[in-house]
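The structure appears below as structure tokens.
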2 protein chains.
Amino acid sequence: MKVNLNKREPVYVQVVRHFKEQIAAGNYEPGQEIPSRRELANQLKINPNTAQRAYKEMEEQGLIFTEGNNPSRITKDGKVIGTVREELIIQAVDAFITSIRPINIPVDDLVGLIKEKYTEIERNTRGDSNDRS
Amino acid sequence: MKVNLNKREPVYVQVVRHFKEQIAAGNYEPGQEIPSRRELANQLKINPNTAQRAYKEMEEQGLIFTEGNNPSRITKDGKVIGTVREELIIQAVDAFITSIRPINIPVDDLVGLIKEKYTEIERNTRGDSNDRS
DNA sequence: ATTTGTGTATTATATACTTAATACACCAAA
DNA sequence: TTTGGTGTATTAAGTATATAATACACAAAT
């Protein structure tokens, strides 16, 4: 488990997105246990309260659920899980288009740059698992 | 002059990027006057202090210069101007790759989505000027 | 001379986020 | 029974940002 935290965005938001990414990439099974608040806080070197806030957010969004005082778990709702991936992709593409739009670069040049960067990364991670926990 | 301000990012950073985009798109001539701090603040409905902070930032980056108590102007340094465009593009592409990487979507699917969104916008803005001031 | 508009600077207040330090109910394991 | 790990909640303090309200030197226009 490792998350590159930036300073601009609230940490709890970044933690939520991290779990969404893990779910989207299929690295979490439905119903799978996730680390406790304190455990996560230790791993990410953040405050337990911040971890709690992230989990609370995820619970409200139906991404995880908590029974009794057991560690929270990934939702078993397949519909929710299926939606996460699409949501993340659309969000990323929209943000990108919004940021690149004012510059007026030909779409083909853009595609060229993306393919270049993207495949460069794929070369570096060939054969790797997605799970960097 | 219109800037869509979001709440996450500091306003002064967004203002700086706005001017960089204008420069990159060729909507500003070298040496061209830009609005005064107070004028910009009025146009964008922000605080004059925030406008001042943005201009100070731009001045430090060599994007604009100020002589006496005249309105600031876009730099005449062609090298600086030429760099802005490339910088913005690389920055946008890098941010996009970083955000989309964990999801493991095939690059061709990604390119498809981008072309779709991008050309959709181009259709809607056909014949428009870039200048939305 | 006065007014107006430049850039520039200072001080104070408000908000969002993070961290810190506890606290408590619950339950399982030793 | 005690210990330790769950989730959950509260209060306080610190930081960055934005806004508000001024202030001052300077210069051009009236």
Side-chain angles (χ1 to χ4, degrees), chain A residues 1-20 28-76 133, chain B residues 1-20 28-29 31-77 133:
Chain A
M1 174 89 58
K2 189 196 162 197
V3 183
N4 286 330
L5 297 169
N6 69 66
K7 289 171 190 171
R8 277 283 151 72
E9 223 171 349
V11 173
Y12 79 96
V13 172
Q14 299 181 56
V15 171
V16 170
R17 191 175 49 243
H18 166 74
F19 276 95
K20 286 184 177 177
Y28 273 127
E29 297 297 318
Q32 182 175 341
E33 268 193 10
I34 59 177
S36 77
R37 277 76 166 162
R38 292 172 178 86
E39 174 67 15
L40 183 77
N42 266 330
Q43 290 178 355
L44 304 189
K45 312 293 180 199
I46 62 175
N47 193 279
N49 299 326
T50 306
Q52 160 64 3
R53 182 157 184 189
Y55 278 23
K56 190 178 180 183
E57 182 81 15
M58 288 195 282
E59 189 128 26
E60 284 167 357
Q61 292 184 24
L63 257 66
I64 65 174
F65 66 98
T66 311
E67 284 171 343
N69 56 339
N70 302 307
S72 301
R73 297 171 175 277
I74 302 293
T75 182
K76 294 174 182 170
S133 58
Chain B
M1 174 88 58
K2 188 196 162 198
V3 183
N4 285 330
L5 297 168
N6 70 65
K7 290 171 188 174
R8 276 284 150 72
E9 222 171 349
V11 174
Y12 78 94
V13 172
Q14 299 180 55
V15 171
V16 170
R17 190 176 49 244
H18 166 75
F19 277 95
K20 285 184 177 177
Y28 273 127
E29 298 297 319
Q32 182 176 341
E33 268 194 9
I34 59 177
S36 76
R37 278 75 166 162
R38 293 172 178 86
E39 173 68 16
L40 183 78
N42 266 331
Q43 289 177 356
L44 303 188
K45 312 294 179 196
I46 62 176
N47 192 279
N49 299 325
T50 307
Q52 160 63 3
R53 181 157 182 190
Y55 278 23
K56 189 178 181 184
E57 182 79 16
M58 289 195 283
E59 189 128 27
E60 283 167 358
Q61 291 183 25
L63 258 66
I64 64 174
F65 66 96
T66 311
E67 284 172 342
N69 56 341
N70 301 307
S72 301
R73 298 171 174 275
I74 301 293
T75 181
K76 294 174 182 168
D77 185 339
S133 57

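Residue numbers begin at 1 in each chain, while the letters A, B, ... track the order of the sequences. What you see below is based on every heavy atom in this structure, not just the backbone, and it leaves out hydrogens, waters and symmetry mates. Just so it is clear, the model here is predicted, and its values are computed rather than measured.
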Count the heavy atoms belonging to other residues, nucleotides or ligands that lie under 6.0 Å from CD of Glu67(A), then report whether that count exceeds 12.
no
Could you give the CD-to-P distance, from Glu67(A) to dC26(C), as a whole number of Å?
17 Å
We want to know whether Glu59(B) and Ser72(B) form a side-chain donor-acceptor pair, criterion being a heavy-atom distance below 3.5 angstrom.
no
Only residue of Leu44(A), Asn4(A), Thr50(A), Asn6(A) satisfying side-chain contact (heavy atoms from CB on, under 4.5 Å) with Gln14(A) is Asn6(A)
Sorted by chain and number, sequence neighbours left out, salt bridge (Lys or Arg N to Asp or Glu O under 4.0 Å) with Glu57(B) holds for none
List the protein contact pattern of nucleotides 5-10 of chain C with one symbol per nucleotide (5' to 3'): B for base contact, S for sugar-phosphate-only contact, - for none; contact means a heavy-atom distance under 4.0 Å.
BBBBBB
When rounded to whole Å, the CG to P distance for the pair Asn47(B) and dA12(C) reads 17 Å
Take the protein atom OH of Tyr12(B) and the nucleotide atom C1' of dA16(D), then report the distance between them rounded to whole Å.
9 Å
Whole-Å distance between dT6(D) P and Phe65(A) CZ?
17 Å
Assign the ring pair Tyr55(A) / Phe19(A) to parallel, tilted or perpendicular, where the plane angle (0 to 90°) is split at 30° and 60°.
perpendicular
Can you tell me the distance, in whole Å, between the CD atom of Gln14(A) and the P atom of dC17(C)?
12 Å
Whole-Å distance between dT17(D) P and Glu9(A) CD?
15 Å
